[in-house]
There are 2 protein chains.
Amino acid sequence: MSNTTLKKIAKVLDISISTVSRALKNHPDISVSTKQKVMELAQTLEYEPNAMAVNLRSKNTKVFGVMIPSITNNFYDSFIAAVEEEARKSGYSLMILQSGDNPEAEIENLKIYRQNRVSGLFACISQETINMAPFYKMKEAEIPIVFFDKVPDDDTFDKICLADKDAAVLAAETLLEKGKKNILAIFGNNQLSITKRRLAAFCGCIKEDKQVKLIIEHANNSQQAEEKTEHHFQPKQKPDAVFCMSDEILTGVMKSMQKMNMKLPVDTGIIALSDGSFPKLYYPEITYIETSGYKLGKLAFERMMDYIMGNTEPKELFITSRYVAGGSL
Amino acid sequence: MSNTTLKKIAKVLDISISTVSRALKNHPDISVSTKQKVMELAQTLEYEPNAMAVNLRSKNTKVFGVMIPSITNNFYDSFIAAVEEEARKSGYSLMILQSGDNPEAEIENLKIYRQNRVSGLFACISQETINMAPFYKMKEAEIPIVFFDKVPDDDTFDKICLADKDAAVLAAETLLEKGKKNILAIFGNNQLSITKRRLAAFCGCIKEDKQVKLIIEHANNSQQAEEKTEHHFQPKQKPDAVFCMSDEILTGVMKSMQKMNMKLPVDTGIIALSDGSFPKLYYPEITYIETSGYKLGKLAFERMMDYIMGNTEPKELFITSRYVAGGSL
DNA sequence: ATTATTTTCGCAATCGTTTGCGAATATGAA
DNA sequence: TTCATATTCGCAAACGATTGCGAAAATAAT
């Protein structure tokens, strides 16, 4: 039986519950002989502490919440994978909830996290989140939050972000180094701060070279990226490189490349910001600037543990990006 | 304060805890006037029941466990997305743990699920899982299990599977209908029962037409699929169609197609078993037999709730597959 | 006015575990 | 033997919420 309790063991051995509890914890107050008896019986009865009771007493669930827009997203998946790996090592489990990029669902989720008294929360806010009040409520409930990827402006919060600027600049510099003169750059939804940052940094860098012609486009999804690409590839003048701000855009661009039967890197070049899984799907593999969800997860977890250890001063941390050469440029 | 308790409310109003509890639950024993006072105060004090305490008392956590090999997998993601959607509607949350296809981690996870007294478990067993004893332990602990996708043979368990046979047969029939005569079929790890089932059904169907030449290959990952494909595409004799048992294999095959500069569907044809996201990445889009993780999740959840409602007779259920025409065949 | 009935609420136990404090027993010292 | 110290353990409260049962108060019936 897995529903063995301290009480049951105590009754069988005719000792008190507290003695059983202490024996199992190897408390010095208990004699070795009693300890042995208790441990043996616990073993055969397959005693397993009831987490609900332990949590209630300790006011600590050893569960971290993770809130993301959607779980069917490679980037967040690797983030979660990283957090899960580390959490497991420290005896924590994860409660994952999706917001669906919907602020109301977000509030609902926060309530669930509060009621379940998670030990901490990793949160990625939705695109439409304006009111941060629900998140302040978490702080009142003394639940630490580490924001990641899409973070609020508010700097009373802990934030772990990609070094968007660096990544965009790195991509731009690479394009210039390769001598590209006619660049099509496709960005995501320009409402998003992440888009704004990447756009500003990228353009700022490219614009320094007056020789280079730069076309900027925005696409809200893969299909739009595909359409925009086709639109800019005319027989008369083709861009000699395409910059893709995200995986979503990359897949759209690549689809149109296949459609137009463009050979990389000869007919045109491609560089993307990506965590690396999609670039490896293609031949030649796509050259990209790595923005790793996995690394982000590791860093976020580290920050969370640091916070729990008492280092509660809010911080904004970045993970650095890295150039990964494929054959597309 | 979110850490308001019944006790606190009771003290302020100078009534007993039980009265507060009943008032909040709209119990008929409590007068309307008291109810109002309690509810108001609860509102202003932002009372939220402590799930740990409620769980301990009710012996029900309203949390479902979900164990999968890896979260960075499209198929499982959609499964989880589906389960999460439904779970939310019924007031359940999810605790997701990865096994990493490692039986030891699996056992560790089961322990976590037991200690946390999850209300039920959705499990996909790892490739190497032989000993089902750890899962029996869950049953002893009265935690219902619904296996999905990769399920054990043991039919004392509830199982929700893809209709592998049907899907494989559907793919085979499609190939024959299209008049393909020289087929390369790439399957996954042939230790897996899922591979065996798909292989048997596919071959059984193809073999009925003596005219057709069938080459069977196995690949344990995307890269192997790529290599095997290249190996079988010689200048002298190219297969006129490739069957891909999974997304993983499809991506490998497609990479080699790009490398060899093969045009679909003219140079060769491709059909895959997939949940549909990867086929849409390519141009032309890949023709596939849908094996939806999302649908699987919906069905698994339905079964779980059914079980909890008392219908504990073990069942094996299948979700039907469907032909989705792309432009690759 | 007295009894019967209903309304309204509190006591106390319970879920399973942890822990401060005190008590009983054992061991040692004088 | 007697007192002092260690060793070993149990009592009871606590975490927060729920609920059967009984009691007090209010109302109705006679």
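Remember, predicted model here, so these are calculated numbers, not experimental data. Labels below follow one simple rule: chain letters A, B, ... track the order of the sequence lines, proteins then strands, and each chain is numbered from 1.
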**Prompt:** Whole-Å distance between dG10(D) P and K11(A) NZ?
**Reply:** 15 Å
**Message:** Output the rounded distance in Å from NZ (K37(A)) to P (dT8(D)).
**Reply:** 13 Å
**Request:** Figure out the CD/P separation between Q36(A) and dT8(D), and round it to whole Å.
**Result:** 13 Å
**Request:** Would you kindly say whether N60(B) and S119(B) are connected by a side-chain donor-acceptor distance under 3.5 Å?
**Result:** yes
**Prompt:** Does a side-chain N-to-carboxylate-O contact under 4.0 Å join E108(A) and R88(B)?
**Reply:** no
**Fill in**
Shortest non-hydrogen pair, A81(B) vs Q98(A), comes out as CA-NE2, 3.6 Å
**Message:** I need the CG-P distance between N60(B) and dT14(C), as an integer number of Å.
**Reply:** 22 Å
Anything under 3.5 Å between a donor and an acceptor, one on a side chain of residues 298-311 of chain B, the other on a protein residue two or more places apart or in another chain? List them.
from	atom 1	to	atom 2	distance (Å)
K298(B)	NZ	E85(B)	OE1	3.0
K298(B)	NZ	E86(B)	OE2	2.6
R303(B)	NE	D158(B)	OD1	2.5
R303(B)	NH1	D306(B)	OD2	3.1
R303(B)	NH1	N311(B)	O	3.1
R303(B)	NH2	D158(B)	OD1	3.0
R303(B)	NH2	D158(B)	OD2	3.4
R303(B)	NH2	N311(B)	O	2.9
R303(B)	NH2	E313(B)	O	2.9
D306(B)	OD2	N311(B)	ND2	3.1

**Prompt:** Atom NZ of K35(A) to atom C1' of dC9(D): distance rounded to whole Å?
**Reply:** 13 Å
**Prompt:** Cation-pi between K159(B) and F147(B): NZ/CZ under 6.0 Å from ring centre and within 45° of the ring axis?
**Reply:** no
**Request:** For a ring-ring contact (aromatic ring centres under 6.0 Å, His included) with F122(B), tell me which candidate from F148(B), F64(B), Y92(B) qualifies.
**Result:** F64(B)
**Atom pair CG (N109(A)) and CD1 (I96(A)), whose distance is rounded to the nearest 0.5 Å** = 12.0 Å
**Message:** Is it true that D275(A) and S78(A) share a donor-acceptor pair across their side chains at a distance under 3.5 Å?
**Reply:** yes
**Message:** Please report the distance, rounded to the nearest Å, between CG in L24(A) and P in dT17(C).
**Reply:** 9 Å
**Complete:** On a heavy-atom basis, the closest approach of E84(B) and L97(A) is OE2-CA, 3.3 Å
**Nearest-Å distance for atom pair CG/C1', residues L45(A) and dG16(C)** = 15 Å
**Message:** Walk along nucleotides 14-24 of chain D from 5' to 3' and tag each nucleotide B, S or - by protein heavy-atom contact under 4.0 Å, base first, then sugar-phosphate.
**Reply:** BBBBBBBB---
**Request:** May I have the distance from L13(B) (atom CG) to dT8(C) (atom C1'), rounded to whole angstrom?
**Result:** 15 Å
**Complete:** Students should find that the end-to-end axis angle of the helix from dA1(C)-dT30(D) to dA30(C)-dT1(D), with five pairs defining each axis and rounding to 10 degrees, is 60°
